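As the structure is a prediction and not an experimental result, all values here were calculated from the model. Chain identifiers are assigned alphabetically (A, B, ...) following the order of the sequence lines, protein sequences preceding nucleic acid strands; residue numbering begins at 1 within each chain.
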Amino acid sequence: MNASISTPAPGTFTIHGTDGESRAGELVTAHGVIETPIFMPVGTQGTVKSLSPQDLHDFRAQIILGNTYHLYIRPGDEMIARRGGLHKFMNWDGPILTDSGGFQVFSLSALRKLSADGVEFSSHLDGSKHFFSPEKAISIQNNLGSDIMMVLDECVPYGADYDYTNKSLATTTAWAKRCREYHAPGTNGQLMFGIVQGGFDKDLREKSMAQLTEIPFEGFALGGLSVGESKPEMMDILYHCGPIMPAAKPRYLMGVGTPMDILNGINAGIDMFDCVLPTRNARNGTLFTSQGKVNIKRAEYEEDDSPLDPNCSCYTCRTFTKAYLRHLYKAGEILSYRLNTLHNLTFYLDLVRGARKAILAGTFQDYKAKFEEIYEKKP
RNA sequence: GGAGGGGUUCCCGAGUGGUCAAAGGGAACAGACUGUAAAUCUGUCGGCGGACGCCUUCGGAGGUUCAAAUCCUCCCCCCUCCA
């Protein structure tokens with residue numbers, strides 16, 4: 001009998017089952033194996049807002065996000081590197097994916113200048129100038145030590161015309177090549193994903209994909225969605241692109257979305273998701289439940305002693321009433337943010353775990369239909 | 001007892017003749033949030049009707065005026081200081 005059970009190399013992606021376009025797989029990273037489809041809580045500044053790593057483990061988060069731009073600006077990637085990297089610094093021993101700053105090209109558009117060579121950001125904190133070349137974006141992520149690095153890209157705003165989108169796509173591809181050249185496959189166990197852009201034009205999306213898939217990335221992401229477009233437009237691109245992204249590699253839909261968006265993503269063959277919605281909405285009083293969206297601040301919950309979600313096993317639902325959660329929110333209590341976030345992320349993680357199970361059982365369509373029925377009434 | 005200050009729409013608080021249903025804040029009510037410049041932002045907030053308007057409202061009662069939350073008289077209440 002072979003005594004050595006060797007762990008597969010980071011980047012190894014195995015598909016254990018499919019149901020239509022949807023897939024149930026496993027991605028190996030330097031900090032553990034991720035079961036897909038997966039939702040990745042967003043922890044921009046080295047923390048999933050209001051939660052501790054212990055909380056993340058409690059609802060079995062498998063991988064979280066960090067952000068290159070924000071951690072570079074504060075506290076600084078070198079400062080983190082001196083402390084042994086982001087995992088050690090924040091005491092999270094699971095996988096981490098870092099976004100490249102490409103989204104800040106979009107969200108901080110007033111504070112940056114784009115050139116063929118990279119992006120110059122004016123810090124949102126003190127206005128100081130910082131140039132992100134593709135190489136710089138990767139070097140920062142090297143310092144952070146993330147398991148999955150994202151290439152620097154331009155997240156194109158909604159409404160951009162064909163010419164702009166086409167040129168931007170060429171830039172994103174050129175940057176992607178430079179990122180890969182700067183960090184060869186297999187180095188440090190850090191994976192690198194390319195990002196498909198192309199706006200809302202299917203030809204441009206295919207063009208982007210054709211160019212990117214020539215570069216040896218360990219995975220591919222669909223970016224530039226949920227930037228202000230209508231739901232049908234988003235679904236159109238999602239269902240067009242998802243199924244034709246490289247089948248043997250993990251597919252990551254960036255920044256999306258609502259529970260139904262995620263089920264649609266899975267249905268379109270996507271394996272990985274991230275979104276600030278469950279965490280941000282939790283802090284703003286909107287909670288996702290098995291019975292639809294609940295706006296906990298509403299007067300109707302003032303004396304409602306039932307649990308937030310009777311089908312949820314999270315600490316919040318096991319322990320507190322809607323009346324109490326409403327009170328905490330209305331009173332602006334810190335605990336409100338924590339309990340709400342705990343619940344929303346539990347719901348999202350349960351959602352994708354359930355999807356994985358359904359895919360393996362061949363019942364994903366039924367699973368999706370069940371949520372559709374609830375969430376089309378309360379989207 | 002004397003001197004002064006004050007009572008404004010749920011609360012605090014602007015407003016001292018018309019452009020005031022009355023600034024601003026809070027509370028309340030509702031909505032938004034999608035690779036986090038977000039524990040943030042938006043709307044409503046006297047009543048009835050589409051807008052426009054009409055009605056009721058600024059401690060109480062009366063008065064002046066074309067017009068009063070704003071001016072006058074009396075009354076009620078609160079606060080500060082002096083006796």
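For Thr258(A), the listed nucleotide lying nearest its side chain is U34(B); candidates were U34(B), A39(B), G31(B). Set against G35(B), A39(B), U34(B), the side chain of Ile334(A) has A39(B) as its closest nucleotide. Candidate nucleotides U36(B), C33(B), G35(B) were compared by shortest atom distance to the side chain of Lys49(A), and U36(B) ranks first. Relative to the side chain of Ala299(A), the nucleotides U36(B), C33(B), C29(B) differ in distance, and C29(B) lies closest. The side chain of Gln104(A) sits closest to A37(B) out of A37(B), A32(B), G35(B). Of the candidate nucleotides A30(B), A37(B), A32(B), A32(B) has the atom lying nearest to any side-chain atom of Lys297(A). Comparing atom distances between the Arg283(A) side chain and each of U34(B), A39(B), C33(B) picks out A39(B) as nearest. Across A32(B), U36(B), U34(B), the shortest atom-to-atom separation from the side chain of Thr279(A) is found for U36(B). Candidate nucleotides A37(B), G35(B), U34(B) were compared by shortest atom distance to the side chain of Leu65(A), and G35(B) ranks first.
Comparing the P positions of G17(B) and C71(B) gives a spacing of 8 Å, expressed to the nearest Å. Only the C1' atoms considered, C20(B) is 9 Å distant from A69(B), to the nearest whole Å. One P atom belongs to C12(B), the other to G50(B), and the distance between them is 35 Å to the nearest Å. A distance of about 27 Å separates the C1' atoms of U34(B) and U44(B), rounded to the whole Å. To the nearest whole angstrom, the two P atoms, one in A27(B) and one in U42(B), are 14 Å apart. Comparing the same atom, C1', in U8(B) and in G46(B) gives a spacing of 14 Å after rounding to whole Å. Rounded to a whole angstrom, the distance from the P atom of U80(B) to that of G47(B) is 36 Å. Atom name P, nucleotides G6(B) and C10(B): the rounded distance is 23 Å, in whole Å.
What separates CG of Leu225(A) from C1' of U34(B) is a distance of 10 Å, to the nearest Å. When rounded to the nearest whole Å, the span between CG of Leu222(A) and C1' of U34(B) equals 14 Å.
Along RNA chain B, the nucleotide nearest Tyr69(A) and the nucleotide nearest Val256(A) are compared for position; the residue whose nucleotide lies closer to the 5' end is Val256(A). Residue Gly285(A) is the one, among Gly285(A) and His70(A), whose nearest nucleotide of RNA chain B lies closer to the 5' end (criterion: closest heavy atom).
Residue contacts shown for Gln197(A) include a base, since a base heavy atom lies under 4.0 Å away. Heavy atoms of Ser336(A) sit nowhere under 4.0 angstrom from any nucleic acid atom. Across all strands shown, Gly224(A) has heavy atoms under 4.0 Å from base atoms, whether or not it also approaches the sugar-phosphate. Among the atoms of the strands shown, none is found under 4.0 Å from any heavy atom of Leu125(A). Contact annotation for Asp274(A): backbone-only contact, meaning every heavy-atom pair under 4.0 Å involves sugar-phosphate atoms and none involves a base.
Residue Lys330(A) places at least one side-chain N or O closer than 4.0 Å to OP1 or OP2 of C29(B). For Thr44(A), a side-chain nitrogen or oxygen approaches OP1 or OP2 of U36(B) to under 4.0 Å. Dashed line: the shortest gap from a side-chain N or O of Asn67(A) to OP1 or OP2 of U36(B) is under 4.0 Å. Taking 4.0 angstrom as the limit, Arg280(A) places none of its side-chain polar atoms (N or O) nearer than this to OP1 or OP2 of U40(B). Between Arg326(A) and the phosphate of C29(B), there is a side-chain N or O to OP1/OP2 separation shorter than 4.0 Å.
Note on Ile244(A) and Met254(A): same hydrophobic cluster, where clusters join Ile, Leu, Val, Met, Phe, Trp and Tyr whose side-chain heavy atoms are under 4.5 Å apart, directly or indirectly.
Between Phe217(A) and Phe220(A), the ring planes lie perpendicular to each other; the angle is over 60°, past the 30° to 60° tilted range.
Shortest non-hydrogen contact noted between Ala137(A) and Phe132(A) is CB-CD2, 4.5 Å.
In this structure, a donor-acceptor pair under 3.5 Å is present between the side chains of Asn142(A) and His183(A).
Between the base of G31(B) and the side chain of Asn295(A) there is no donor-acceptor pair shorter than 3.5 Å.
Pair check for G24(B) finds C12(B); Watson-Crick or G-U wobble, both atom distances under 3.5 Å. Pair check for C29(B) finds G43(B); Watson-Crick or G-U wobble, both atom distances under 3.5 Å. The base-pairing partner of U80(B), taking Watson-Crick or G-U wobble contacts with both distances under 3.5 Å, is A3(B).
Of the possible donor and acceptor atoms, one in the side chain of Arg112(A) sits under 3.5 Å from a partner among the backbone N and O of Val105(A).
The pair Lys322(A)-Glu300(A) does not meet the salt-bridge criterion, since no charged nitrogen lies less than 4.0 angstrom from a carboxylate oxygen.
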For this session: Assess whether ring pair (Phe, Tyr, Trp, His ring centres under 6.0 Å) is satisfied between Tyr72(A) and Tyr69(A), documenting all intermediate values.
Result: CA-CA 5 Å; Tyr72(A) 159 85; Tyr69(A) 167 83; 7.5 Å; no
